[in-house]
Amino acid sequence: MSNMSRREVRDCAFKLIFEKLLRDDPMEELYAIADEVDEITVNDQVRELVEGTLEKSAEIDSIISEYSAKRELSRIARINLAVLRIALYEILYDDKTPMNAAINEAVQLSQTYAQPEDVSFVNGVLGAYARAHGSKEG
């Protein structure tokens with residue numbers, strides 16, 4: 001297993017989760033395609049983040065709906081949905097990632113892959129969640 005930074009793991013997981021939102025293929029098939037294309041590393045850390053996020057997506061989506069004041073879940077761009085799901089998964093289930101770090105990383109993913117207005121949307125949803133739940137730093 002290659003030694004990847006948390007940011008690289010998150011980036012690969014984001015691409016896979018985004019792809020899953022676009023295609024109805026089984027995750028194993030998407031992992032195989034990613035391996036073939038050789039642009040996305042699929043290791044245990046990436047799989048753990050992808051599968052954890054997908055497993056909890058219904059719960060996470062209800063949180064996104066609650067804090068997305070202006071957009072219904074169905075109206076949120078898939079790229080933003082993928083970013084938000086990863087961030088909230090990390091906030092809720094990854095003790096090693098502080099809330100502020102998860103939010104900063106989500107904003108950075110948005111800046112890399114999404115439109116400028118998407119960055120403020122992602123930041124707004126996560127910011128609203130953070131304000132409501134206090135900063136779980138520790």
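All of these numbers come straight from a predicted model, not from anything done at the bench.
Checked options Lys56, Arg7, Arg6; the residue passing with Glu90 is Arg6 (criterion: salt bridge (charged side-chain N to carboxylate O under 4.0 Å, His left out)).
Leu30 has its side chain out of reach of Val42: every pair of non-hydrogen atoms, C-beta onward, lies at least 4.5 Å apart.
The minimum heavy-atom distance linking Gly124 with Arg131 is given by the pair O-NH2, 4.4 Å. For the pair Arg85 and Asp61, the tightest heavy-atom approach, listed with the atom from each and the gap, is NH2-OD2, 2.6 Å. The two residues Val46 and Cys12 make their nearest non-hydrogen contact at CG2-CB, 3.9 Å. Smallest separation of non-hydrogen atoms from Val122 and Ser110: CG2-OG, 3.4 Å. Of all non-hydrogen atoms in Thr53 and Leu49, the two that sit nearest each other are OG1-O, 2.7 Å. Considering every non-hydrogen atom in both Ala130 and Ile103, the closest pair reads CB-CD1, 3.7 Å.
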- Task: Determine, stepwise, if the pair Ile64 / Tyr129 fulfils side chain to side chain contact (heavy atoms under 4.5 Å, CB included).
- Result: CA-CA 9 Å; Ile64 294 170; Tyr129 177 85; over 6 Å; no
- Task: Please report the C-alpha distance between Leu88 and Leu126 in whole Å, then the side-chain angles of each, then the deciding distance to 0.1 Å, and finally whether the side chain to side chain contact (heavy atoms under 4.5 Å, CB included) criterion is met.
- Result: CA-CA 8 Å; Leu88 284 163; Leu126 294 173; 3.9 Å; yes
- Show the numbers, then the answer: is there a side chain to side chain contact (heavy atoms under 4.5 Å, CB included) between Tyr31 and Ile40? CA-CA 9 Å; Tyr31 290 143; Ile40 302 171; over 6 Å; no
- Message: For Thr97 and Arg10: C-alpha separation, side-chain torsions, deciding distance, then whether side chain to side chain contact (heavy atoms under 4.5 Å, CB included) applies.
- Response: CA-CA 12 Å; Thr97 305; Arg10 191 179 291 107; 4.3 Å; yes
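Between Glu19 and Arg23, at least one side-chain N (NZ, or NE/NH1/NH2) sits under 4.0 Å from a carboxylate O, which counts as a salt bridge.
When the shell of 6.0 Å around CD of Glu51 is examined, it contains more than 12 heavy atoms from other residues, nucleotides or ligands.
Looking only at atom types and distance, the side chain of Tyr113 has no donor-acceptor partner in the side chain of Asn80 under 3.5 Å away. When only modelled atom types and interatomic distance are considered, Tyr89 and Glu59 share no side-chain donor-acceptor pair under 3.5 Å.
With values rounded to the nearest 0.5 angstrom, Asp38 atom CG is found 14.0 Å from Ile33 atom CD1. Note that CG of Leu109 is 10.5 Å distant from CG of Leu84, once rounded to the nearest 0.5 Å. With rounding to the nearest 0.5 Å, the separation of CG in Asp11 from CG in Leu16 is 10.0 Å. Once rounded to the nearest 0.5 Å, the distance linking CG of Leu81 with CD1 of Ile60 reads 10.0 Å. Atom OG of residue Ser68 and atom CD1 of residue Ile76 lie 4.0 Å apart, to the nearest 0.5 angstrom.
Judged purely by atom type and a 3.5 angstrom limit, Ser120 uses its side chain to pair as donor or acceptor with the backbone of Glu117. In this structure, Glu8 contributes its side chain and Ser5 its backbone to a donor-acceptor pair below 3.5 Å.
The side-chain tip of Arg78 does not point at the ring of Phe18 from less than 6.0 angstrom away and within 45° of straight on.
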